[in-house]
Amino acid sequence: MMVPDWVEASHEPPRWSAKENSFILTRYADAAAVLRHPEVQVVELGNEIARLGVRWRRTFPNLVTMLGGILVHRNPPAHTTIRLFLKKSLQNFAADLSESAMRRSVDSLLDTIPSGEPVDAVHVLATRFPAMTIARALGLEENFVANVMRTGAQLIGAWHRGSSLKTYERLENEARELSAAMTEKIREQRGMTGGLGRMATLGASEFGLDDDEIAAGAFFFIMAGTRTTAMLLGNMMYLLAARPADRERVMADPGLMKACIDETMRFAGPLRHVGRVAGPEMCLSNVRIPPGSAIYVKLEVAHRDPEAYEHPERFDIDRRGAPHLGFAAGIHACLGTGLAHLEAATLISTMFRRFDVELLEASPQWQEHLLFRELAKLPVVLRPISKRKTT
Ligand code: HEM
């Protein structure tokens, strides 16, 4: 059926790839060991760009600060401080991100969808809902968040060996504009008891951060919390729309929702890989990894490892066994796991409770993307289920 033939099947000890300039990890046990290793590092994007600037006798202060907020590219001790700041900021957003607030927001979004007509569920639901959610938490307009997402995607892809000075100058200009727009929003909300205003007060008073650094943290929330969640929502909508037996079980027993989200993360998780750098020398599956080596952790391949999962090619919501690594693990484990689960549970359960969902393509098209596993579109027709039928 819908199992796309995208995941290479071989699970071998780490091998060096000259093309990727990295060790490639495909076994679940190796992937989990690297992610949980306390001394494994990440590439610090901001520092790499600052180093390039020294070579060109230029500085890229805005690019370095914005990328410095991207926690998955920071190592301790800076990582430890920024992680605590973002963790506390997320806790402060709890009231705006509660289950009841989320349900109201899903209902209002679903009310806008024309029933009985073809729509692209990726575009009108999966992409919009996480952007609405982060916008509400930060006290921003949804359009503003959508613009940040567009510019941010270019900045995050900024560090490529071989990019020209001209490219970095353009990115520095974009980072300056983005930073100015974000700090302007901080100024507008200064002193407020919620959203970005509260995040700014926390950042300044407890962590000694200035507005640019707080803007970089808020920028990262937008980037980390929107597109990945949109992919989970789209992938899960499709899997459940295409599998009536699983859908009926999950709708009849909400206790199964978590297992269904976990299995979607394993089977079709948004991030295909993450990168690491070996701190000390490591030994994985009897292969020596020299200190400082780049490591490419292929999450989606590890998620198909038969040593970790029985019949890994099957989507099985009753699955027991190794926890998936789709939110990573160890010191960089995703801070938004709970939020992503809540968004998925609320949108999926409300949508299938209110509507019959007809898939218009039996095998929708997946995007060709090196990093992400996402649907290009999900054409569906939603038809309201009559009240009598739902009670
Ligand atoms: C399904 C949705 C999501 C997926 C698949 C996902 C996945 C991940 C992964 C794999 C990492 C680690 C990356 C690495 O180690 O290189 C990560 C880190 C992170 N995520 Fe998520 N994420 C999701 C949603 C969210 C949300 C909703 C937020 C909050 C707004 C969030 C905030 C973060 C933060 C702050 C980190 C950095 C943790 C650190 O480096 O210490 N994520 N996420």
Side-chain angles (χ1 to χ4, degrees), residues 25 31-32 34-38 40-45 68-94 96-97 102 126-127 129-138 140 145 148-149 152 156 199 216-237 261-262 264-277 294-300 302-303 323-348 371-374:
L25 266 49
V34 162
L35 293 178
R36 295 189 181 122
H37 195 296
V40 165
Q41 305 245 310
V42 293
V43 171
E44 296 234 359
L45 279 193
I70 297 179
L71 201 50
V72 291
H73 289 295
R74 298 305 297 267
N75 290 312
H79 170 267
T80 318
T81 312
I82 306 172
R83 185 172 168 98
L84 190 58
F85 164 54
L86 294 184
K87 190 174 172 190
K88 285 194 167 187
S89 299
L90 257 183
Q91 286 164 352
N92 286 344
F93 298 146
D96 284 320
L97 301 177
M102 204 75 87
T127 305
F129 183 50
M132 283 168 71
T133 303
I134 292 287
R136 196 175 60 245
L138 292 170
L140 298 169
V145 166
V148 172
M149 285 166 69
I156 289 183
M199 189 170 172
F219 164 65
F220 179 52
F221 261 154
I222 293 174
M223 298 313 293
T226 48
R227 187 151 174 209
T228 46
T229 311
M231 287 181 241
L232 168 64
L233 299 178
N235 299 359
M236 193 167 167
M237 273 178 200
I261 296 171
D262 285 337
T264 306
M265 288 293 297
R266 183 198 70 86
F267 185 80
L271 277 176
R272 301 181 65 189
H273 67 259
V274 294
R276 291 290 186 269
V277 178
I295 300 174
Y296 195 39
V297 185
K298 292 207 163 190
L299 298 174
E300 70 176 7
H303 285 154
H324 72 79
L325 302 171
F327 291 112
I331 69 163
H332 289 282
C334 177
L335 280 176
T337 304
L339 177 56
H341 269 255
L342 184 58
E343 289 183 64
T346 314
L347 179 62
I348 299 285
L371 179 59
F372 297 131
R373 181 60 62 207
E374 87 185 301

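Keep in mind that the numbers below use all heavy atoms, side chains included, and drop hydrogens, waters and symmetry copies. Just follow the structure's listing: the first ligand is 1, and inside any ligand the first atom is 1.
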Under 4.0 Å from any heavy atom of [X], which atoms of ligand 1 are there?
{"X": "Thr229", "value": "1 (C), 2 (C), 24 (C), 27 (C)"}
{"X": "Ala328", "value": "10 (C), 12 (C), 15 (O)"}
{"X": "Phe220", "value": "34 (C), 35 (C), 36 (C), 37 (C)"}
{"X": "Phe221", "value": "30 (C)"}
{"X": "Met265", "value": "5 (C)"}
{"X": "Gly326", "value": "5 (C), 7 (C), 10 (C)"}
{"X": "Pro270", "value": "5 (C)"}
{"X": "His79", "value": "39 (C), 40 (O), 41 (O)"}

Could you identify the single nearest non-hydrogen protein atom to [atom] and state the distance to 0.1 Å?
{"atom": "atom 40 (O) of ligand 1", "answer": "His332 ND1, 2.7 Å"}
{"atom": "atom 23 (C) of ligand 1", "answer": "Thr228 OG1, 3.4 Å"}
{"atom": "atom 6 (C) of ligand 1", "answer": "Phe327 CD2, 3.6 Å"}
{"atom": "atom 28 (C) of ligand 1", "answer": "Gly336 CA, 3.4 Å"}
{"atom": "atom 20 (N) of ligand 1", "answer": "Cys334 SG, 3.2 Å"}

Backbone or side-chain N or O of Arg83 under 3.5 Å from ligand 1 N or O: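 Yes, Arg83 has an N/O under 3.5 Å of an N/O on ligand 1.
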
Arg276, any N or O under 3.5 Å of ligand 1 N or O: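 Yes, since at least one N or O of Arg276 sits under 3.5 Å from an N or O of ligand 1.
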
Would you call [X] a ligand 1 contact, heavy-atom distance under 4.0 Å?
{"X": "Ala333", "result": "yes"}
{"X": "Gly269", "result": "no"}
{"X": "Val42", "result": "no"}
{"X": "Ile134", "result": "yes"}

Nearest non-hydrogen partners of Met236 and Ala344, listed with the distance: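 Scanning both residues completely, I find the closest heavy atoms to be SD-CB, 4.4 Å.
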
Atom of Thr127, atom of Ala230 and distance for their closest heavy-atom approach: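 It is CA-CB, 3.8 Å.
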
Side chain Gln41, main chain Asn75, donor-acceptor under 3.5 Å: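 Judged by distance alone, no pair lies under 3.5 Å.
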
Non-hydrogen side-chain atoms of His332 and His79 separated by less than 4.5 Å: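 SC-SC contact between His332 and His79 confirmed.
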
Beyond-backbone contact of Leu97 with Leu342, side-chain heavy atoms, under 4.5 angstrom: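 Not in contact.
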
Identity of the nearest option to atom 25 (C) of ligand 1, non-hydrogen atoms only, from Gly275, Ala329, Ala224: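 That would be Ala224.
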
Arg373 vs Met231, side-chain contact (heavy atoms from CB on, under 4.5 Å): CA-CA, chis, key distance, verdict: CA-CA 7 Å; Arg373 181 60 62 207; Met231 287 181 241; 5.8 Å; no

Val274 and ligand 1 - part of the residue with a heavy-atom distance under 4.0 Å: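 Answer for Val274: side chain.
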
Which segment of Val72 sits under 4.0 Å of ligand 1 when only heavy atoms are counted: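 Contact part for Val72 vs ligand 1: both backbone and side chain.
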
Verdict with reasoning, Arg74 to Ile82, per side-chain contact (heavy atoms from CB on, under 4.5 Å): CA-CA 9 Å; Arg74 298 305 297 267; Ile82 306 172; 3.7 Å; yes

Plane angle bin for His324 and His303 - parallel if under 30°, tilted between 30 and 60°, otherwise perpendicular: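 Aromatic pair His303/His324 classed perpendicular.
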
Interatomic spacing from CZ in Phe221 to CG in Leu71 - rounded to 0.5 Å: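 Here the interatomic distance stands at 9.5 Å.
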
Name of the residue among Arg227, Glu343, Met149 meeting side chain to side chain contact (heavy atoms under 4.5 Å, CB included) with Pro130: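 The passing option is Glu343.
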
